[in-house]
Amino acid sequence: MIQYRDLQGQEINRELFRNFIRRQVVVKCLRRDGADWSVKDDPFVDDWTEEDYQTLVSCLKNTVKTGGFVHAAFCDGKLKGFVSVESGFFGGENKYLDLSSLHVSKDKRRTGIGRALFLTAKSWAANKGARKLYISAHSAIESQAFYKSMGCVEAKLYNEKHVEAEPYDCQLECQLELPRPDGAAASDSVSQQ
């Protein structure tokens, strides 16, 4: 059974990720050629080094410290997925919040964990007043299929910081439903163009 909960800064450390399997074998990726997108063969294995884990721990701790959101999925007490959303708005009228990470352990992919984490992140961001989540997403076709199934589309406004850091990522956005004063969700009256 999967348990979901927010993570606190003091529990985010390298040991938390001991049973987390990042490994992703990628064969096909979505690539931009001018104004057009196409699927290209670009085989590689995506995995985290020890340095990557240290960076991740530092970034997630900072997200919590600065008022952002870090939410995780556990199976038998072992971390199997997590999502983070930064607290700072950007993008002017788009009123984006940055979904800075969403990862599911290899042994638990395609079980609904990613969907549950994404929906929780959307709800948190909407309650903070965001209009859209911004996602600099892995270009693997499997990752892109997931984000498309969650209602994500190409971002109207690219965050140059993300483009520079990960030039092969796909820059996406996801429209949020704004909460109504009575606590229920209501569709944003701003149309998604």
**Asked** How far apart are the closest heavy atoms of A73 and Y4, and which atoms are they?
**Response** CB-CE2, 3.5 Å
**Asked** Roughly how far, to the nearest 0.5 Å, is CG of L7 from CD1 of I12?
**Response** 5.0 Å
**Message:** With rounding to the nearest 0.5 angstrom, report the CD to NZ distance, E173 to K156.
**Reply:** 5.0 Å
**Asked** Donor-acceptor pair, Y134 side chain versus N159 backbone, under 3.5 Å?
**Response** yes
**Request:** Take atom CZ of R14 as the centre, draw a 6.0 Å sphere, and report whether it contains more than 12 heavy atoms from other residues, nucleotides or ligands.
**Result:** yes
**same_hphob_cluster(L56, V83) at 4.5 Å side-chain heavy-atom cutoff** = no
**Message:** Does any part of the side chain of C174, heavy atoms only, come nearer than 4.5 Å to the side chain of M150, both counted from C-beta?
**Reply:** no
**Request:** Assess whether atom CD of E51 is packed by more than 12 heavy atoms of other residues, nucleotides or ligands within 6.0 Å.
**Result:** no
**Asked** According to the interplanar angle, ranging from 0 to 90°, do the rings of F82 and H103 count as parallel (below 30°), tilted (30 to 60°) or perpendicular (above 60°)?
**Response** tilted
**Asked** Do K61 side-chain atoms and G9 backbone N/O form a donor-acceptor pair below 3.5 Å?
**Response** yes
**Message:** Rounded at 0.5 Å granularity, tell me how far SG in C29 sits from CD1 in I141.
**Reply:** 8.0 Å
**Message:** Quick check: do V85 and W124 have side-chain heavy atoms less than 4.5 Å from each other?
**Reply:** yes
**Backbone N/O of G88 and side chain of K128: donor-acceptor pair under 3.5 Å** = no
**Asked** Does a salt bridge link D41 with K28, judged by any charged N lying under 4.0 Å from a carboxylate O?
**Response** yes
**Item:** Donor-acceptor pair, side chain of D76 and main chain of K78, under 3.5 angstrom
**Value:** no
**Request:** Mark yes or no for whether S58, through its side chain, and Q54, through its backbone, hold a donor-acceptor pair below 3.5 Å.
**Result:** no
**Neighbour count >12 (heavy atoms, 6.0 Å) for atom CD, E50** = yes
**Asked** So, for F20 and Y53, is the gap between ring centers shorter than 6.0 Å?
**Response** no
**Prompt:** What closest approach, in Å, do A72 and L79 show between heavy atoms, and which atom pair accounts for it?
**Reply:** CB-CD1, 3.5 Å
**Prompt:** Does a donor on one side chain and an acceptor on the other come within less than 3.5 Å for D107 and S105?
**Reply:** yes
**Asked** Do side-chain atoms of N13 reach the backbone of E15 as a donor and acceptor pair under 3.5 angstrom?
**Response** yes
**Prompt:** How many angstroms lie between NZ in K108 and CD1 in I113, if you round to the nearest 0.5 Å?
**Reply:** 6.5 Å
**Asked** CZ of R110: more than 12 outside heavy atoms within 6.0 angstrom?
**Response** no
**Item:** Polar side-chain atom of Q24 near backbone of R22 as donor-acceptor pair, under 3.5 Å
**Value:** no
**Asked** Under a 4.5 Å cut-off applied to non-hydrogen side-chain atoms, are F90 and L157 in contact?
**Response** no
**Request:** May I ask you to decide if the ring planes of F44 and H138 are parallel, tilted or perpendicular, using 30° and 60° as cut-offs?
**Result:** parallel
**Item:** Close side-chain approach of S149 and F118, heavy atoms under 4.5 Å
**Value:** no
**Request:** Mark yes or no for whether S123, through its side chain, and L119, through its backbone, hold a donor-acceptor pair below 3.5 Å.
**Result:** no
**Item:** Side-chain H-bond candidate by donor/acceptor type, S139 with Q144, under 3.5 Å
**Value:** no
**Asked** Under the 3.5 angstrom rule, does the side chain of R23 hit a backbone N or O of V45 as a donor-acceptor pair?
**Response** no
**Request:** Please check if any side-chain donor atom of D52 sits under 3.5 Å from a side-chain acceptor atom of T55, or the reverse.
**Result:** no
**Message:** With heavy-atom distances below 4.5 Å as the criterion, would you say the side chains of F74 and L16 are in contact?
**Reply:** yes
**Message:** Checking the side chain of E86 only, and the main-chain atoms of S100 only, is there a donor and an acceptor separated by less than 3.5 Å?
**Reply:** no
